[in-house]
Amino acid sequence: MTRLESNRRLVEILNRLVENNPDQRFSQLLRNYGFIKEERPTRPEMCISVQNEFYVESDKILERVERRVTDTEGQPSDT
């Protein structure tokens, strides 16, 4: 799959998630479905850091997002 195809697929997935989850803010969708990769600290007093993925290819992000979407489908909503 080319970078352009991966980017288009990511946009399609995000669009579907926006429509299907109107109760979530945009930043929540990005985080909850793996568009943004976070590093959670082991100690609660530490801050969550967002990893810089500037050089990560789109197909790798697409794989992560598709996995996360698959893992979360069918789970009850928090609201």
Side-chain angles (χ1 to χ4, degrees):
M1 183 176 291
T2 67
R3 183 180 292 156
L4 179 59
E5 291 169 330
S6 293
N7 287 341
R8 285 182 176 152
R9 180 71 184 123
L10 284 163
V11 170
E12 289 171 9
I13 293 169
L14 183 57
N15 185 52
R16 182 170 49 92
L17 291 170
V18 166
E19 293 298 324
N20 293 342
N21 298 285
D23 55 321
Q24 291 188 38
R25 292 181 293 276
F26 188 72
S27 60
Q28 288 176 304
L29 291 169
L30 294 178
R31 194 186 94 226
N32 292 343
Y33 291 97
F35 290 90
I36 296 172
K37 188 172 183 180
E38 293 180 331
E39 184 175 300
R40 294 192 172 271
T42 55
R43 296 188 331 235
E45 66 274 7
M46 304 278 298
C47 294
I48 295 172
S49 64
V50 176
Q51 294 182 7
N52 181 353
E53 295 189 295
F54 186 82
Y55 293 105
V56 176
E57 285 296 335
S58 300
D59 62 333
K60 299 300 178 195
I61 295 173
L62 178 59
E63 288 174 16
R64 181 176 67 224
V65 168
E66 288 179 329
R67 212 172 31 251
R68 185 76 59 89
V69 168
T70 299
D71 289 348
T72 58
E73 285 179 344
Q75 293 189 9
S77 173
D78 289 347
T79 58

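Note that these values count all heavy atoms, side chains included, but never hydrogens, waters or copies made by symmetry. In this chain, numbering begins with 1 at the start of the sequence shown. Treat the numbers as computed from the prediction; the structure is a model and nothing was measured.
- Looking at K60, R64, K37 one by one, the single match for side chain to side chain donor-acceptor pair (under 3.5 Å) with E53 turns out to be R64.
- Qualifying side chain to side chain contact (heavy atoms under 4.5 Å, CB included) partners for T2, counting only residues two or more places apart in sequence or in other chains: L4, E5.
- Evaluation of the side chain to side chain contact (heavy atoms under 4.5 Å, CB included) rule for E39 yields S49, Q51 as partners, not counting sequence neighbours.
- Taking the charged nitrogens against the carboxylate oxygens, R9 and E12 do have a contact shorter than 4.0 Å, which makes a salt bridge.
- Among the candidates R68, R16, R67, the single residue satisfying the salt bridge (charged side-chain N to carboxylate O under 4.0 Å, His left out) test with E73 is R16.
- The main-chain N or O of E57 is never found under 3.5 Å from a side-chain atom of R3 such that the two would form a donor-acceptor pair.
- By the 4.5 Å side-chain criterion applied to Ile, Leu, Val, Met, Phe, Trp and Tyr, V56 is assigned to a cluster that also includes M1, L10, I13, L14, L17, V18, F26, L29, L30, Y33, F35, I36, V50, I61, L62, V65, V69.
- In R8, the CZ atom is not crowded: 12 or fewer heavy atoms of neighbouring residues, nucleotides or ligands sit closer than 6.0 Å.
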